[in-house]
Enquirer: 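Okay, handing you the structure first.
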There are 2 protein chains.
Amino acid sequence: MDKHTIYHIAERVGVSPSTVSRALSGRGYCGEATKAKILRAAQEMNYAPDNAAKMLKMRQTRKIIFAVPDICNPFYFDMINGINQVLEEHGYLMILFYTKHSLAEELKAIQNLRENVADGMIMVSFNFCEENIRAINALQAPVVLTNQYVSPDGQDKFDYVYVDTYEGIRLGTEHLIGQGIRHLAYVGGSLNEQTGYQRFCGYKEAMQDAGLPLDDRFVAESDYTENGGYLAALNWLNQPDRPEGIVAANDLMAIGVMKACEEAGLRVPEDVAIVGMDNLDLASRVYPKLTSVALLQEEIGRQAALMLMKRLEGRHSAGKGALKLRPRLVVRNSSVRDRQA
Amino acid sequence: MDKHTIYHIAERVGVSPSTVSRALSGRGYCGEATKAKILRAAQEMNYAPDNAAKMLKMRQTRKIIFAVPDICNPFYFDMINGINQVLEEHGYLMILFYTKHSLAEELKAIQNLRENVADGMIMVSFNFCEENIRAINALQAPVVLTNQYVSPDGQDKFDYVYVDTYEGIRLGTEHLIGQGIRHLAYVGGSLNEQTGYQRFCGYKEAMQDAGLPLDDRFVAESDYTENGGYLAALNWLNQPDRPEGIVAANDLMAIGVMKACEEAGLRVPEDVAIVGMDNLDLASRVYPKLTSVALLQEEIGRQAALMLMKRLEGRHSAGKGALKLRPRLVVRNSSVRDRQA
DNA sequence: CTTCTCCCTGCAATCGATTGCAGGGATCTT
DNA sequence: AAGATCCCTGCAATCGATTGCAGGGAGAAG
């Protein structure tokens, strides 16, 4: 039951620790007879190798950090799932790090990498700024981001995998326009942040291309929560010229919008048509079912993990990796007037 | 940018590595002047301590494993959240380990503990059997289970925190009976597994206490998935003496049951009243809103983590810890006939 | 019989931080 | 002035596994 080391095994079998190490790891020469004796002794003594010692000597942890802004958002669980599939195949473990949308926590995650807590990191960040980008670039360990990020100078050392959310919002907006709706509103995230701004552009350009006017009163900067969507919609629905269609930059906000419609006594989609984005499990369960843009989060997780594994295994070491996936519109009842809910 | 060690700092400042270690860790004596010089040098050299070396010498990792059967089930998100709150306060990281409901994977998680990958583990297991119980008992590291588990001999060394799901199902069943429903059905998990059996007993005893007959035809052993609930209900709803009320042992199955009702053209709750258990976020979002028994998963996570922290900090080392939380019924539309959906 | 390989094994250094022990200097006590 | 006390610092061992180097034995080749 006590902790045994290779030294104990060595003593018992009557060989040197190095031989034990070679027998157990399979590296280097080792005679069949001694190897068998060593393996049997290890078995009998219930030997387990010490991870810390291995880490120290081998200079690798076989762990990666997944830094995620918000554990509560179901969006990320699909990513976790995708990442985990790949890690498992490669014999890595996942350390889940919750950054709470805060720069300070992201820097803590980065610090953990500096301390060799893990071999690499996959990060979802809404806080791109000079400070964390510099910190990431200074790392030895590879990092994969899952946001779109346009590097100012093209000098950044990290890879990224992302879905084009500009195109996603554009798809959703064009879908509503295609339903004959001309008076639209948009609720998204902060416009000061790259992702939030790109999504808004998807809306803006779809409107412009259809020759529709853009009204500031019907564009809300919110926070990706259900309540945020609810509040934005509540404001619009009281106006005499309320919108007939609302594009939300994620599903949670779209669900908040639906709730506001319900309270205002408006029917979805007859009075107000709605599209969301993320295509959460939830989207097909709310009433009416929510039309949403699928962002393939599981696939993103898988691809990000694959990219990280490549880096860690030394292949693919030159150049920056970037992979862009295309979103897909999933049409349900919240946006189509001639369907049954 | 290169990796620096305390030896480099020592050389630069002109002291010994031990002094550097003392200055940085704050343990042992160290003069103020030298300490200041050392801290400044560390700062300038961008020094980061090596986690592996620290782990090896200190014999602790400051990580814990959370072994969870199913990453896709939203039930566990809340637990992760609760656990994480406590870990963060104590400066621990979480390694997420996905056991896929498989004994082999649970044993792998245990093996990781034996190899000192983490200092302790919180585990959700539906595979209690002699093999993994023995493996857990043989561990040095503390383990907290979040299932109810009645030890045959009282000799087990692990703690547990759980919600009494027997009482939960009983609450749900009594609620339906209280609505005047006399013809009930129950869909749960395997009866060969402790948790599954206890839940069934909650149903059975509530029925018996109300003087209602128990009919094997209306008890289904399923698998806690939406589809499992769907199939069980489909079978019942075709019968001439279909049940007026269905108790499901979790929300996903309850939602499957609702789907079957919808397809069979039966109204919920007018034709069939339904209660679930878990009180997922989803329960209040489906249509009609699902009455469910809340199992306080976030609180369980928090309590389990607290118990583990106590063990790791050496307090509370004697005796087995057990904490039982009481479930709570949340009444919504799926079970009450005189409400609006 | 000698020489050259080819295996197998042991010695000892190494990864980077921590810590018990002891020595030395400064200050205080009697 | 001698001894006691308190700080500060360095030496060296330690945690447990890995690995380059070299020595030794067996067999093959000449």
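Throughout, protein chains are lettered first and strands after them, A, B, ... in sequence-line order, and every chain is numbered starting at 1.
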Enquirer: Start with the C-alpha gap between Asn46(A) and Arg114(B), add the side-chain angles, then the distance that decides, and say whether side chain to side chain donor-acceptor pair (under 3.5 Å) holds.
Expert: CA-CA 10 Å; Asn46(A) 211 358; Arg114(B) 297 197 49 228; 3.2 Å; yes
Enquirer: What salt bridge (charged side-chain N to carboxylate O under 4.0 Å, His left out) pairs are there with at least one residue in residues 128-149 of chain A, not counting sequence neighbours?
Expert: Glu130(A)-Arg134(A)
Enquirer: Would you mind listing every side chain to side chain donor-acceptor pair (under 3.5 Å) that reaches into residues 20-43 of chain B, with sequence neighbours excluded?
Expert: Arg40(B)-Glu44(B)
Enquirer: Pairs counted as Watson-Crick or G-U wobble with both distances under 3.5 Å: what dot-bracket string results for DNA chain C, using | for bases tied to another strand?
Expert: ||||||||||||||||||||||||||||||
Enquirer: Which part of the nucleic acid, if any, lies within reach of Arg22(A) when heavy atoms closer than 4.0 Å are counted: base, sugar-phosphate only, or nothing?
Expert: base
Enquirer: Would you say CD of Gln60(A) has more than 12 non-hydrogen atoms from neighbouring residues, nucleotides or ligands within 6.0 angstrom?
Expert: yes
Enquirer: Quiz question: by atom type and distance under 3.5 Å, do the side chains of Glu89(A) and Gln85(A) form a donor-acceptor pair?
Expert: no
Enquirer: Quick check: are there more than 12 heavy atoms from other residues, nucleotides or ligands sitting under 6.0 Å from CD of Glu11(B)?
Expert: no
Enquirer: Could you measure the distance from the CE atom of Met55(B) to the CG atom of Leu56(A)? Nearest 0.5 Å is fine.
Expert: 10.0 Å
Enquirer: So what does Ser25(B) touch, heavy atoms closer than 4.0 Å: a base, only the sugar-phosphate, or nothing?
Expert: nothing
Enquirer: Take Asp119(A) and Lys63(A), measure what salt bridge (Lys or Arg N to Asp or Glu O under 4.0 Å) needs, and give me the verdict at the end.
Expert: CA-CA 6 Å; Asp119(A) 296 335; Lys63(A) 295 176 195 66; over 6 Å; no
Enquirer: Under 4.0 Å from any heavy atom of chain B: name the first and the last nucleotide of DNA chain D that qualifies, 5' to 3'.
Expert: dC7(D) to dG16(D)
Enquirer: Taking the basic N atoms (NZ, or NE/NH1/NH2) and the acidic carboxylate oxygens, is any pair closer than 4.0 Å for Glu88(B) and Lys100(A)?
Expert: yes
Enquirer: Nearest nucleotide by nearest heavy atom, which residue falls closer to the 5' end of DNA chain D, Gly28(B) or Ala53(B)?
Expert: Gly28(B)
Enquirer: Heavy atom of residues 110-117 of chain B under 4.0 Å from DNA chain D: which residues?
Expert: none
Enquirer: Taking NZ, NE, NH1 and NH2 as the nitrogens, is one of them in Arg59(A) or Asp50(B) under 4.0 Å from a carboxylate oxygen of the other?
Expert: yes
Enquirer: What does Thr5(B) touch in the nucleic acid at a heavy-atom separation under 4.0 angstrom: a base, only the sugar-phosphate, or nothing?
Expert: sugar-phosphate
Enquirer: At under 4.0 Å between heavy atoms, what does Val20(A) touch on the DNA or RNA strands: base, sugar-phosphate, or nothing?
Expert: nothing
Enquirer: Any residue in residues 54-61 of chain A with a heavy atom nearer than 4.0 angstrom to DNA chain C? Just list them by number, or reply none.
Expert: Leu56(A), Lys57(A), Arg59(A)
Enquirer: Can you see whether Asn116(A) engages Asn51(B) through a side-chain donor-acceptor pair at a distance of less than 3.5 angstrom?
Expert: no
Enquirer: Using the ring of each side chain (for Trp, its six-membered ring), is His8(A) parallel, tilted or perpendicular to His4(A), with breaks at 30° and 60°?
Expert: perpendicular
Enquirer: If you take all heavy atoms of Met123(A) and Asn147(A), which pair is closest and at what distance?
Expert: O-OD1, 4.1 Å
